[in-house]
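Worksheet for the structure shown next.
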2 protein chains.
Amino acid sequence: MLEEREILRKYLSRHNLRVTPQREMILNVFLKREGHVSAEELYDHVRKRYPSIGQATVYRNLKLFSDAGLAREVDFGDGVLRYEHSYNHPHHDHLICRGCGKTVEVVDDVIEELQKRVAEKFGFELTDHAMYLYGKCPDCRRKNKN
Amino acid sequence: MLEEREILRKYLSRHNLRVTPQREMILNVFLKREGHVSAEELYDHVRKRYPSIGQATVYRNLKLFSDAGLAREVDFGDGVLRYEHSYNHPHHDHLICRGCGKTVEVVDDVIEELQKRVAEKFGFELTDHAMYLYGKCPDCRRKNKN
DNA sequence: TTGCTTGCAAAGGATTTGCAACATG
DNA sequence: CATGTTGCAAATCCTTTGCAAGCAA
């Protein structure tokens, strides 16, 4: 977390941007959360300790964190953009339960490689991808049987 | 197209829903379009031949077509939901150019199989997935070189 | 001081919904 | 003639933006 704060500071100074208490507060709260947070959720948490903050500031800074490589946008397709930690948290995809919404992070190197190949087959240079696997988690499968 | 209309009729009667001229008109226009159409785009086209139609009707019926298995929702992540033909148009994923937006439909059976495996590894029963590969198409790669 | 940031409220864009009139089965 | 459907406008939801005041460098 010290490290992340340092990364933010460097990113800011490199881009002629300013270090503000709001930015540092939002980053701290973001880093304490696990998993996937929406701007709205984060706003609620930040507000508890910093009631005067505006939600636009949270939206703006989450975008900034993404640019700085500290956060990554995640889109489960439900109309809300979420953010996950990106620093020290390498690329992965998501397995999402259609029943309860639980998510699991997954990686499969073979799939990654094949994706690159598929793109190349059409002359595309792959830059990134979105892969979301939807299904029923063990708990929800069990419940459905009764 | 005759077949699709038949499918719609059967779906409607099976669900105690009504056949209306709007529904048939929207379906016809949808089927004439290729690729991926947003509700808004389809609305514009339907309106040309049927000026009194409301856009809510187009939104509502595209959802209905999805339920009936005639359309499939496609989400390129740009905030607009698009629809593609689903009947006689088997599952595939998309390769999208970050430069010009061009899309290519792709399928890779090995990837499909591995996705199922990954899900099973976590006890999930895979129901469906979203996979979008983003990159630079041949044309855009060429342009960037100059 | 310069000009990036903030908070507020308003605007935005896509989609949904309430409702009264209407049309289908 | 009961109930699904439509068109309209308003409402919703999430996110972005304009702006004046505030603050970092």
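Just so it is clear: chains get the letters A, B, ... in the order the sequence lines come, proteins before strands, and each one is counted from 1. Note that these values count all heavy atoms, side chains included, but never hydrogens, waters or copies made by symmetry. Given the structure is predicted, the values throughout are model-derived calculations rather than measurements.
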task = Take the protein atom CD of A/E41 and the nucleotide atom P of D/dC13, then report the distance between them rounded to whole Å.
result = 15 Å
task = May I ask you to decide whether A/K116 forms a salt bridge with A/E112, counting only side-chain N to carboxylate O separations under 4.0 Å?
result = no
message = What is the separation between atom CG on A/L62 and atom P on D/dT15, rounded to the nearest whole Å?
response = 10 Å
note = CD (A/E4) and CD (A/E24) are apart, to the nearest 0.5 Å, by 12.5 Å
message = Five pairs per end, C1' atoms only: what is the angle between the end axes of the helix from C/dT1-D/dA25 to C/dG25-D/dC1, to 10 degrees?
response = 30°
message = Do A/H89 and A/R72 have side chains that approach each other closer than 4.5 Å (heavy atoms only, starting at C-beta)?
response = yes
request  = Using atom CE of B/M25 as one end and atom C1' of D/dT6 as the other, report the distance to the nearest whole Å.
outcome  = 15 Å
inquiry  = Side chain of A/L81, heavy atoms from C-beta onward: which of C/dG7, D/dT6, D/dT15 has the nearest atom to it?
reply    = D/dT15
inquiry  = Given the ring of B/F30, does B/R33 sit roughly above its face, with NZ or CZ under 6.0 Å from the centre of the six-membered ring and within 45° of the axis?
reply    = no
request  = Mind calculating the distance between OH (A/Y43) and P (C/dT6) to the nearest angstrom?
outcome  = 14 Å
request  = Figure out the CG/C1' separation between A/L64 and C/dT5, and round it to whole Å.
outcome  = 11 Å
request  = Select base, sugar-phosphate, or nothing to describe what B/S52 touches, counting heavy atoms under 4.0 Å on all strands.
outcome  = sugar-phosphate
query = C/dT15, C/dC4, D/dT15: which one has an atom nearest the side-chain heavy atoms of B/V80?
reply = C/dT15
inquiry  = With side-chain contact (heavy atoms from CB on, under 4.5 Å) as the criterion, how do A/H92 and A/E84 come out once you've worked through the C-alpha distance, each side chain's angles and the decisive distance to 0.1 Å?
reply    = CA-CA 11 Å; A/H92 55 263; A/E84 62 179 17; 3.1 Å; yes
Quick test: give all pairs of protein nitrogen or oxygen and nucleotides 16-24 of chain D nitrogen or oxygen below 3.5 Å, distance rounded to 0.1 Å.
| residue | atom | partner | partner atom | Å |
| --- | --- | --- | --- | --- |
| D/dA24 | N3 | A/R18 | NH1 | 3.2 |

inquiry  = Evaluate B/I26 against B/Y50 for side-chain contact (heavy atoms from CB on, under 4.5 Å), listing each step before the verdict.
reply    = CA-CA 9 Å; B/I26 296 170; B/Y50 202 139; over 6 Å; no
task = Ignoring backbone atoms, establish whether B/Q22 has a side-chain N or O less than 4.0 Å from OP1 or OP2 of C/dA23.
result = no
query = Parallel, tilted or perpendicular for A/H94 and A/Y132, by the 30°/60° rule?
reply = parallel
task = Write down the distance between CG (B/N16) and P (C/dA23), rounded to a whole number of angstrom.
result = 21 Å
Short N-O contact, A/D139 and A/K102, less than 4.0 angstrom = yes
query = Whole-Å distance between D/dC14 C1' and A/R82 CZ?
reply = 12 Å
Gap between atoms CD and P, on A/E73 and D/dC14 respectively (whole Å) = 16 Å
message = Using the rule given for side-chain contact (heavy atoms from CB on, under 4.5 Å), can you reason through A/H15 versus A/D67, listing the C-alpha separation, both sets of side-chain angles and the distance that settles it, and then say yes or no?
response = CA-CA 11 Å; A/H15 293 258; A/D67 295 339; over 6 Å; no
key: Given C/dT15, C/dT6, D/dG7, the nucleotide with the shortest approach to the side chain of B/Y50   = D/dG7
inquiry  = Within the 4.0 Å heavy-atom criterion, would you say A/N61 contacts the bases, only the backbone, or no part of the nucleic acid?
reply    = sugar-phosphate
